[in-house]
2 protein chains.
Amino acid sequence: MTDETAGTPASPPPSPWERERPAPARVAPAREPLSRERVVDAAFTVLDRQGLDGLSMRQVAAEAGVAVSALYAHVSSKDDLLELMYARLFAGFAMPVPDPERWREQVRDYARSWRHLLLAHRDMARISMAHVPFTAELLPHVEALLAVFRTAGLPDRIAAEAGDLISTYIDGFVLEEGMWRDRAALQAGDKSSLARPDWREMAGEMQNYFASLPEQDFPHLRALAGLMVTDSADERFDIGLEIILRGLASYLPSPSV
Amino acid sequence: MTDETAGTPASPPPSPWERERPAPARVAPAREPLSRERVVDAAFTVLDRQGLDGLSMRQVAAEAGVAVSALYAHVSSKDDLLELMYARLFAGFAMPVPDPERWREQVRDYARSWRHLLLAHRDMARISMAHVPFTAELLPHVEALLAVFRTAGLPDRIAAEAGDLISTYIDGFVLEEGMWRDRAALQAGDKSSLARPDWREMAGEMQNYFASLPEQDFPHLRALAGLMVTDSADERFDIGLEIILRGLASYLPSPSV
DNA sequence: CGTTACAGTGAACACTGTTCGGCAACTGAA
DNA sequence: TTCAGTTGCCGAACAGTGTTCACTGTAACG
């Protein structure tokens, strides 16, 4: 993400289905009262330590040094908490000002930044996947992406799908990344007390497995074993992204492969 | 999916991380003993009735007319059960014999069939998303897709990513579809006792919401409101798919837009 | 001092996945 | 026919989940 950014626009009115949250405390704080922010902070700490499956309200409460029921004064449910975590990811994620000449790089930058944001917290892609990005805080981002596509000259129908397509790709890719990592960690934890997930080892094991398949039934899988499972996820991510970008570019009036 | 199909090839040796399941009963059944098949059947019934969140081992047991603990004789965990459900979806899903002339239609057919399979059971996309498709039963499918891409003439690196890219797209798209449907159902259930999820109504509501956004901050979102939320998911699915296909085609030696 | 307001508590409820000791019915052998 | 032995299933239990609610203590105000 470069610095050619527009600040987040004024927030729109809430979506029709927006969840109503308990109103924030009205009086001056006694000491350091529990706030929505602090609950979300604690939730992120627990998430990074124990993963999404270990993220229970009890753990969050313990992390915040508070009773479970206290959480429900600032958050209406666990679902709501997850939504707040999802929304926070977007905070400070500035969107590009559309530049028709550089739309591909802008989309690439956007996608890469978003991926790294997802990678910054364990299991974050799973949380992201579970949310339609049409809540009020996120609409500016959808708008900005649309702006990039439309000013680039894409037909409306294509532009309307492009955002969804790319978001889905990013979320899905990072989700899968996380699953591989989890499996590697699990396997490493099994066979040795060294819990360090040895990624390369797992990749090698997978390649060996592919190479061991019967040549007759799986010629292509065998041939591409080295490419299917690689330790360079960055590269794979860029390739998939490039495929999508090329597809989008094919809809531009002037053919600029 | 047309009839130009190859039967499922011989099943490969199990992946390194394959879960070991309890061996099936060895003696002749007394009456109509509980089988792995019947457990999965019951699970699908519960899934369609109550959704993934309502799919508990207790419910499955009740549906099968059996105690909870009996399930664990045929399935090693709930995760294992979900994996079996996922694998069953692929059963009877025949793969195309690669035809370089028709690779686009073949991929299109494949994608559409897979989407409809996912739509056939509630929340199935969520289950699908949670699994890497590299378990032994599914490798033939990966191989078949790879075959289509490679015989079409795509470079290896591109072919290796293409399968993942398309799977991710399908799963993600259907997942989102399901989320909208759930929301529509929830909203309809809220405002009227008629639990029938009125899809068009929700789409209209969304469009109104987009149209109500301030013109200054959300010009593009307003302009494309009609295209972003449409009741014809089929059309949207095909558009996204076409974008990907065009991107892939751009890597072919002979430019055949 | 008394009153009110309220953030935070702890116990409870109805669930969840999973395990384990035991029971009943069937098998094959004596 | 009787006696193991095995197998399929059951009930109860354990530790955990999200959520609610009557309750406390403390702080500020009149």
Atom pair distance, as rounded to whole Å: [atom1] in [X] and [atom2] in [N]:
{"X": "A/Asp79", "N": "D/dT19", "atom1": "CG", "atom2": "C1'", "value": "13 Å"}
{"X": "B/Lys78", "N": "C/dC15", "atom1": "NZ", "atom2": "P", "value": "15 Å"}
{"X": "A/Tyr72", "N": "C/dA11", "atom1": "OH", "atom2": "C1'", "value": "15 Å"}
{"X": "B/Leu82", "N": "C/dT16", "atom1": "CG", "atom2": "C1'", "value": "14 Å"}
{"X": "A/Leu71", "N": "D/dC21", "atom1": "CG", "atom2": "C1'", "value": "16 Å"}
{"X": "A/His74", "N": "C/dC6", "atom1": "NE2", "atom2": "P", "value": "13 Å"}

Reference residue A/Leu89; test side-chain contact (heavy atoms from CB on, under 4.5 Å); the match among A/Leu117, A/Leu138, A/Ile127: A/Leu117
Under-3.5 Å donor-acceptor pair between A/Ser77 side chain and D/dG18 base: no
Residues in contact with DNA chain C, drawn from residues 55-68 of chain A - heavy-atom cutoff 4.0 Å: A/Arg58, A/Val66, A/Ala67
Test: A/Asp80 and A/Arg36 ion pair at under 4.0 Å: no
Ion pair check, A/Arg88 and A/Asp41, cut-off under 4.0 Å: yes
A/Glu137 and A/Thr135 side chains, donor-acceptor separation under 3.5 Å: yes
Step-by-step side-chain contact (heavy atoms from CB on, under 4.5 Å) determination, B/His74 to B/Val66: CA-CA 12 Å; B/His74 302 90; B/Val66 115; over 6 Å; no
N/O to N/O distances under 3.5 Å, protein versus nucleotides 22-24 of chain C:
none

Distances under 3.5 Å between protein N/O atoms and the N/O atoms of nucleotides 22-24 of chain D, please, pair by pair.
none

Check against side-chain contact (heavy atoms from CB on, under 4.5 Å), A/Asp182 and A/Asp123: CA-CA 10 Å; A/Asp182 288 351; A/Asp123 281 340; 4.0 Å; yes
side-chain contact (heavy atoms from CB on, under 4.5 Å) between A/Leu224 and A/Phe210, worked out: CA-CA 9 Å; A/Leu224 299 192; A/Phe210 284 159; over 6 Å; no
5' precedence on DNA chain D between B/Ser35 and A/Gly54 (nearest-nucleotide basis): B/Ser35
Pairwise distance CE(A/Met206) to CZ(A/Arg183) - rounded to 0.5 angstrom: 9.0 Å
Atom pair CZ (B/Phe173) and CD (A/Glu161), whose distance is rounded to the nearest 0.5 Å: 6.5 Å
Sugar-phosphate, base or nothing in reach of B/Ala70, heavy atoms under 4.0 Å: sugar-phosphate
Plane angle bin for B/Trp114 and B/Phe93 - parallel if under 30°, tilted between 30 and 60°, otherwise perpendicular: parallel
From CA spacing to verdict: side-chain contact (heavy atoms from CB on, under 4.5 Å), A/Asp217, B/Glu143: CA-CA 8 Å; A/Asp217 293 327; B/Glu143 170 73 14; over 6 Å; no
